[in-house]
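Data block below; observations after.
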Amino acid sequence: MPAIKALNIVTAAAFAVLFASCTKTFLDLNPLDQPTEAVYFKTPEQFKAAANDFYNKMIGFRPVSGSNIYNWMDWGSDLLNPGYGWPSLLNAADMYWNNPYAYIRGNNILIAKVAQYPGDYAGIKQYVSAAYFFRAWHHFFLLKRFGGVPVDTVVADVNSTLLTAPRNSRYEVTKQILSDLDVAIDGLPLEAAIAAGDKGQVSKQAAMAFKARVLLYEGTYEKYVGKTTDGDGVSSGAGSNGYDAGNVTKYLTEAAALSQQVMSYGDYSLFSGVDSLSYRYLFILEDAASNPKGLTKAANKEYILSSKYDYTLLTGNANLTHTGGGGISRKLMDMFLCKDGLPYSVSPLAKGYALMTDEFENRESRMTCITGAPRQKYWGFSSAYGANYTLANYLTVANWPSYINVSYPDLSNGGSGYGSRKWSSEHPGRNDYQESYDYPQIRLAEVYLIYAEAKCELGNGTISDADLNSSINKIRARAGAAPLTNALIAPYPSLTMLGEIRRERTLELLSENTRFTDLFRWGIAEQELNQTPKGMIVQYNGQPTEIATFTNPYTKLPSYKPGTYAFGVDAATGAVILSGPPAVPMTKKNYLTSIPQDQITLNPRLLQNPQY
């Protein structure tokens, strides 16, 4: 909290969000009254109401304080809408600096009010613990974006020395985050102990899973990036105060232990309610009309913490169906596994690219859950028609309505030829901006991935089949891919166990705000992001592929227009080149965003990140 201007000092009225229905306690309704701090925080109900507002400050589909979900869908990476280039100039201002500090102030106010609370602390312990959880949540957001930042644990006034404090190092920020999460874990209830009307409140397991996320992130960042992005803390950056080389092993060990503990609880399970299409419907599950099995959100036990939306009370308010996916790159398409569990590059099941349907044969189900396979039919989306599951879901009936069209690739507009439909609704009663499925903040699949990666890192690139079976092989089973085992990849020198675990994370968490930070903490962003982005293959084995000469039967126009691809076709792969290399090459500098200049003007002790 470096500047009063950015913080917008608030009163308790800002979080006194009271609701008529106890089952909708996390939806952004207007306050029913406007109490002041002087009379607030006297009862457990008031602490609860204040804590409930914290859930609204997580970045989800709905814009909050000017946030935009499209900033957090991995767009512009090597996987989705590639080739954007990277921020390299100084930010004049940054709402993603201001907002977290404003939210942290709310957490600090609640925590500070404990000292004045006249009742039994046991009655408010859960809500105070939630404040510690969210204070850690927002500090972690700042850490990933900026590196070391001023740690904020007090309710500052205009005379506070905190307003002119220097940046804490990333190691000091991490220590504070972990400390806050320890308090949260100690005071939060187990999922099973949360009343039905309060489901959605943060649980002990959610805090444990989040701490495991932080530990994996920082442990691998310190292992692969080290102090490279710290600066000296004198002329630039936040410095390296508190650095301890022993933290890598310590953090990874605890990440594995915490994730394993969360995995042991029976409260959560991978969503599997729609057979091979479960990965598809997990992300658009809303009510009985949103999926072919008539399931509601109650069927989803995979989300450990999520942002809640509701068609009547709080829609997602983002144009998710028509704009939420992004264009899929050649790299991502080739990352999807074959059914034998091997990557397309080495699997004997790979059929090549000559026909537009070839690369979709014998592939894991996440591939067709995320992008439509050519020559198959998919739902229209409008208030007039919507979905028709009887006809469309399992693609077995020939007499399709006109609004359910055959999917054909389009290479006439310079795109990749592939589109993501991960967030695309199939609800018959929804239109743009009305989608109201929940956004996953923490889900069980990520916990499996944390466990496997931490164990493999601790094993210097090795992991037992038993550990794989207890974690990511459950994810692969849902995807219809054979288990990952040591024997499976042993014959292939190009494959490593750590690489395959990272592949699994990349595929499973696509478009869930992980790709950039994963590449940063692995120290390979330069290698992966400076590549020339490519799309669909139009030359294969010296011959044009089917799509290269195909005429769309609906539009009567060629599906491929070479003139739209100014950079031509890649000689090695035969894929269309979407753009040149990024205009600003990725470097270690770009692992951190610049400190906004307006904050440095207000507090000159905030030193800029190195090389900006």
Side-chain angles (χ1 to χ4, degrees), residues 1 54 57-58 100-101 103-104 107-108 110-111 125-126 128-154 165 167-190 202-227 229-230 238-263 304-305 441-442 446-447 449-451 453-455 457-458 514 517-518 520-521 592:
M1 189 185 69
F54 298 156
K57 302 303 189 290
M58 296 184 291
Y101 277 115
Y103 306 154
I104 289 169
N107 308 146
N108 286 337
L110 189 150
I111 293 168
K125 184 176 182 180
Q126 174 181 353
V128 178
S129 299
Y132 278 96
F133 174 88
F134 285 106
R135 188 166 75 180
W137 184 273
H138 298 305
H139 273 111
F140 185 55
F141 179 94
L142 290 164
L143 175 73
K144 290 188 295 181
R145 188 168 179 86
F146 301 105
V149 294
V151 168
D152 181 7
T153 60
V154 300
R167 297 168 63 182
N168 291 96
S169 72
R170 69 176 303 114
Y171 315 103
E172 293 168 329
V173 176
T174 299
K175 182 179 179 181
Q176 182 62 50
I177 292 169
L178 298 178
S179 175
D180 280 352
L181 288 174
D182 286 339
V183 176
I185 291 168
D186 177 68
L188 288 167
L190 289 168
V202 62
S203 65
K204 187 182 297 289
Q205 293 100 317
M208 294 164 63
F210 180 54
K211 186 178 181 185
R213 177 192 289 178
V214 173
L215 290 162
L216 179 71
Y217 171 85
E218 187 60 19
T220 50
Y221 196 100
E222 292 184 25
K223 178 176 181 178
Y224 293 108
V225 183
K227 296 184 283 186
T229 58
D230 289 352
S240 303
N241 190 46
Y243 173 79
D244 183 347
N247 279 340
V248 171
T249 299
K250 176 183 175 182
Y251 287 169
L252 293 173
T253 300
E254 189 176 359
L258 280 171
S259 52
Q260 185 175 39
Q261 191 172 351
V262 174
M263 289 156 48
I304 299 174
L305 181 67
Q441 299 290 353
I442 305 173
E446 183 194 355
V447 177
L449 292 161
I450 291 171
Y451 178 76
E453 185 179 345
K455 293 292 286 187
E457 288 283 4
L458 290 166
T514 62
T517 51
D518 281 347
F520 296 159
R521 68 185 178 87
L592 301 177

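Values reported hereafter were calculated over all heavy atoms of this structure, with side chains retained and with hydrogens, waters and symmetry mates removed.
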Compute the centroid of each ring, for Phe54 and then for Phe133, and state whether the two points are separated by less than 6.0 Å.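 Not under 6.0 Å, so no.
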
Got a donor-acceptor contact below 3.5 angstrom from the Asn168 side chain to the Gly148 backbone? no

Would you confirm whether Lys204, through its side chain, and Ile185, through its main-chain N or O, come within 3.5 Å as a donor-acceptor pair? yes

Given the rule in the side chain to side chain contact (heavy atoms under 4.5 Å, CB included) test, do Glu453 and Leu252 qualify, once you have shown the distances and angles that lead to the verdict? CA-CA 9 Å; Glu453 185 179 345; Leu252 293 173; over 6 Å; no

Just how far is it from atom [atom1] of [X] to atom [atom2] of [Y], taken to the nearest 0.5 Å?
X	Y	atom1	atom2	value
Thr249	Glu222	OG1	CD	11.0 Å
Tyr221	Thr517	OH	OG1	11.0 Å
Phe520	Thr229	CZ	OG1	10.5 Å
Glu172	Asn241	CD	CG	4.5 Å

Yes or no on side chain to side chain contact (heavy atoms under 4.5 Å, CB included) for Tyr132 and Leu188, after CA distance, side-chain angles and deciding distance? CA-CA 10 Å; Tyr132 278 96; Leu188 288 167; over 6 Å; no

Ignoring hydrogens, what is the shortest heavy-atom contact between [X] and [Y]? Give both atom names and the distance.
X	Y	result
Ser203	Leu190	CB-C, 4.4 Å
Pro189	Val202	CD-O, 4.3 Å
Ala209	Ile450	O-CD1, 4.2 Å
Gly147	Leu592	N-CD2, 3.4 Å

Report yes or no: is the cationic atom of Lys227 (NZ for Lys, CZ for Arg) closer than 6.0 Å to the six-membered ring centre of Tyr243, at no more than 45° off its axis?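 Satisfied, under 6.0 Å and within 45°.
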
Looking at Arg170 and Glu218, does any basic side-chain N land under 4.0 Å from a carboxylate oxygen?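 Yes, this pair counts.
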
Cationic N near anionic O, under 4.0 Å, Arg135 to Asp152: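 Looking at Asp152 together with Arg135, the answer is no, because their closest N to O distance does not fall below 4.0 Å.
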
Under 30°, 30 to 60°, or over 60°: which ring-plane class applies to Tyr103 and His138, parallel, tilted or perpendicular? tilted

After noting the C-alpha distance and the side-chain angles of Phe210 and Ile442, does the key distance pass the side chain to side chain contact (heavy atoms under 4.5 Å, CB included) rule? CA-CA 7 Å; Phe210 180 54; Ile442 305 173; 3.8 Å; yes

